[in-house]
Amino acid sequence: MNNNNLSGFLQVTVLGGEISPIKNALVNVYSGQEGGGNIIASEYTDNSGTTNPIPLPAYDVDYNLPSAESKAVKREIIEVTAKGYYKAVRQNIPIFPGILTREYIYLIPLSVKDGQNTTGIDRVIDGKGDEGSFPGGDDSES
């Protein structure tokens, strides 16, 4: 089966503080290659903190059944930045053909003291559900 013609969609909602939407957050999507890959899409959030659906290449679901040997699963990396917040990175976001994947990213505000530091990564979240600890709360998903 030709996997090059398959696509899925990713929509990201960015929230901060008391689950308030963050307008104009920059969402960069990288190919899930080891070593970071290239930016394959960029989108800003709207007033509701949500991007438009981003079309992304996907692989055939039948071809990518999970196995210990499978390295072919199409996974993306999301990087979110917004003025006044720590940067967040989410890894291993699976993209399936014909499916809209929704991701919710929660950003932590910079303290007044750290207000100039916009390059620090707050936390890295693995899309498989493995989360590292981070200051100030938890990263619940719907």
| message | Among residues at least two apart in sequence or on other chains, which ones pass side-chain contact (heavy atoms from CB on, under 4.5 Å) with T50? | response | Q11, T13, D46, S48
| said: Using side-chain heavy atoms (C-beta onward) and a distance below 4.5 Å, is V27 in contact with I105? | reply: no
| note | CZ of F9 to CD1 of I99, rounded to nearest 0.5 Å, is 10.5 Å
| query | How close do P53 and P55 get, heavy atom to heavy atom, and via which atoms? | reply | O-CD, 3.6 Å
| task | Mind listing the closest non-hydrogen atom pair of P21 and G49 along with its distance? | result | CB-N, 3.7 Å
| task | Determine whether E43 and V12 make a side-chain contact, defined as any pair of heavy atoms from C-beta on separated by less than 4.5 Å. | result | no
| query | Do L26 and Y106 sit in the same hydrophobic cluster, where Ile, Leu, Val, Met, Phe, Trp and Tyr count as joined when their side-chain heavy atoms come under 4.5 Å apart? | reply | no
| said: Tell me whether T81 contacts the main-chain N or O of K87 through its side chain, where contact means a donor paired with an acceptor under 3.5 Å. | reply: no
| remark: Here the pair of heavy atoms bringing G8 nearest to I95 is CA-CG2, 4.0 Å
| When rounded to the nearest 0.5 angstrom, what is the spacing between CG in L56 and OG in S31? | 10.5 Å
| Between E76 and I40, is any pair of side-chain heavy atoms under 4.5 Å apart? | yes
| With side chains defined as the heavy atoms from C-beta onward, is the minimum distance between Y86 and L110 less than 4.5 Å? | yes
| query | Is L100 linked to I93 within one hydrophobic cluster, defined over Ile, Leu, Val, Met, Phe, Trp and Tyr using a side-chain heavy-atom separation of less than 4.5 Å? | reply | no
| Applying the 4.5 Å side-chain criterion to the ILVMFWY set and letting contacts propagate, would I39 and I77 be lumped into a single cluster? | yes
| task | Identify, with sequence neighbours excluded, every residue that meets side chain to side chain donor-acceptor pair (under 3.5 Å) alongside E79. | result | N28, Y30
| query | So, does T45 use its side chain to make a donor-acceptor pair with the main chain of N24 at under 3.5 Å? | reply | yes
| message | Could you go through I22 and V80, starting from their C-alpha distance and side-chain angles, then the distance that decides it, and tell me whether this counts as side-chain contact (heavy atoms from CB on, under 4.5 Å)? | response | CA-CA 11 Å; I22 300 175; V80 180; over 6 Å; no
